[in-house]
Amino acid sequence: VQLQASGGGLVQAGGSLRLSCAGSGRTFSSDAMGWFRRAPGKEREFVAAISKNGDTTYYGDSVKGRFTISRDNAKNTVYLRMKNLKPEDTAVYSCAADHGTVHTLVVINPKAVGNLDYWGQGTQVTVSS
């Protein structure tokens, strides 16, 4: 069972990227899913989460209005659309899934993400000024 993030890269400030997180080995349609990020020298931070059927989403304060999380259960994939990127968005972005509700991903201490049911490899996003 694996979650694999992709879509990162180097982009100029103000630009856009779309990250994907593809699940394999099992279906994740019954799991809440989300994104976290970790910038160099900083603590891991919650970015966004989405409920299993996609009708409820949450965002970290620093990305509200700029990032959009979505999912396609038929493709076993969750997405993170990022617009108006800023240099402070530079980080490794990782996806996660949990059998609990979407609130599990919102309230978990980012230091304790190892307690989530599934954690994926990250993808690097670098925003140049």
Side-chain angles (χ1 to χ4, degrees):
V1 178
Q2 188 177 13
L3 291 172
Q4 182 64 56
S6 62
L10 174 63
V11 63
Q12 289 188 330
S16 300
L17 281 175
R18 189 182 79 159
L19 306 183
S20 300
C21 174
S24 60
R26 67 180 291 275
T27 178
F28 288 90
S29 59
S30 297
D31 299 291
M33 300 187 76
W35 291 91
F36 293 79
R37 68 184 183 185
R38 188 164 192 172
K42 295 186 178 180
E43 297 290 337
R44 183 175 288 115
E45 176 186 15
F46 166 76
V47 176
I50 188 167
S51 60
K52 60 183 181 180
N53 59 8
D55 62 351
T56 303
T57 57
Y58 291 95
Y59 297 93
D61 289 340
S62 61
V63 307
K64 281 180 182 176
R66 299 187 298 121
F67 290 12
T68 303
I69 188 171
S70 62
R71 65 190 298 163
D72 185 338
N73 286 339
K75 295 182 178 180
N76 221 22
T77 300
V78 64
Y79 304 98
L80 186 68
R81 177 66 174 173
M82 306 184 294
K83 301 189 299 182
N84 190 22
L85 283 160
K86 305 175 181 180
E88 51 264 44
D89 293 318
T90 295
V92 174
Y93 286 71
S94 300
C95 55
D98 198 86
H99 300 325
T101 70
V102 65
H103 297 101
T104 302
L105 293 162
V106 176
V107 303
I108 192 168
N109 185 328
K111 294 181 181 180
V113 293
N115 292 330
L116 296 172
D117 292 316
Y118 301 98
W119 181 258
Q121 295 291 329
T123 186
Q124 175 71 46
V125 173
T126 303
V127 185
S128 62
S129 57

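Count residues from 1 along the sequence. Keep in mind it's a predicted model, so treat the numbers as computed, not measured.
- A salt bridge (Lys or Arg N to Asp or Glu O under 4.0 Å) check over residues 16-29, counting only residues at least two apart or in different chains, returns the pairs Arg26-Asp31.
- Taken to the nearest 0.5 Å, the OG1 atom of Thr126 stands 13.0 Å off from the CD atom of Gln12.
- For the residue pair Ser16 and Arg81, the shortest heavy atom distance occurs at CB-NH2, 4.0 Å.
- Residue pairs meeting the disulfide (SG to SG under 2.5 Å) criterion with at least one member in residues 13-107, sequence neighbours excluded: Cys21-Cys95.
- Side chain of Arg66 to main chain of Asn84: a donor-acceptor pair is present (N/O by atom type, distance under 3.5 Å, no hydrogens or angles).
- Counting all heavy atoms, side chain and backbone alike, Ser128 lies closest to Leu10 at CB-CD1, 4.3 Å.
- Phe36 and Trp119 have tilted rings, their planes meeting at an angle from 30° to 60° on a 0 to 90° scale.
- Taking Ile, Leu, Val, Met, Phe, Trp and Tyr as members and joining any whose side-chain heavy atoms lie under 4.5 Å apart, directly or through other members, Tyr79 forms no hydrophobic cluster with any other residue.
- Applying the salt bridge (Lys or Arg N to Asp or Glu O under 4.0 Å) test to residues at least two apart or on different chains, the pairs with a partner in residues 32-52 are Arg37-Glu45, Arg37-Asp89.
- Annotation: Gln124, atom CD; neighbour count of heavy atoms from other residues, nucleotides and ligands within 6.0 Å is above 12.
- To the nearest 0.5 Å, atom CG of residue Asn73 and atom OG1 of residue Thr27 are 6.5 Å apart.
- Residue Ser30 holds its OG atom at 10.0 Å from CG of Asn53, rounded to the nearest 0.5 Å.
- For residues 95-124, there are no salt bridge (Lys or Arg N to Asp or Glu O under 4.0 Å) pairs, not counting sequence neighbours.
- Residues Val1, Leu3, Val11, Leu17, Leu19, Phe28, Met33, Trp35, Ile50, Tyr59, Val63, Phe67, Ile69, Val78, Leu80, Met82, Leu85, Tyr93, Tyr118, Val125, Val127 make up the rest of the hydrophobic cluster containing Val47, defined by ILVMFWY side-chain heavy atoms closer than 4.5 Å, directly or through other members.
- The main-chain N or O of Lys75 is found under 3.5 Å from a side-chain atom of Thr77 such that the two form a donor-acceptor pair.
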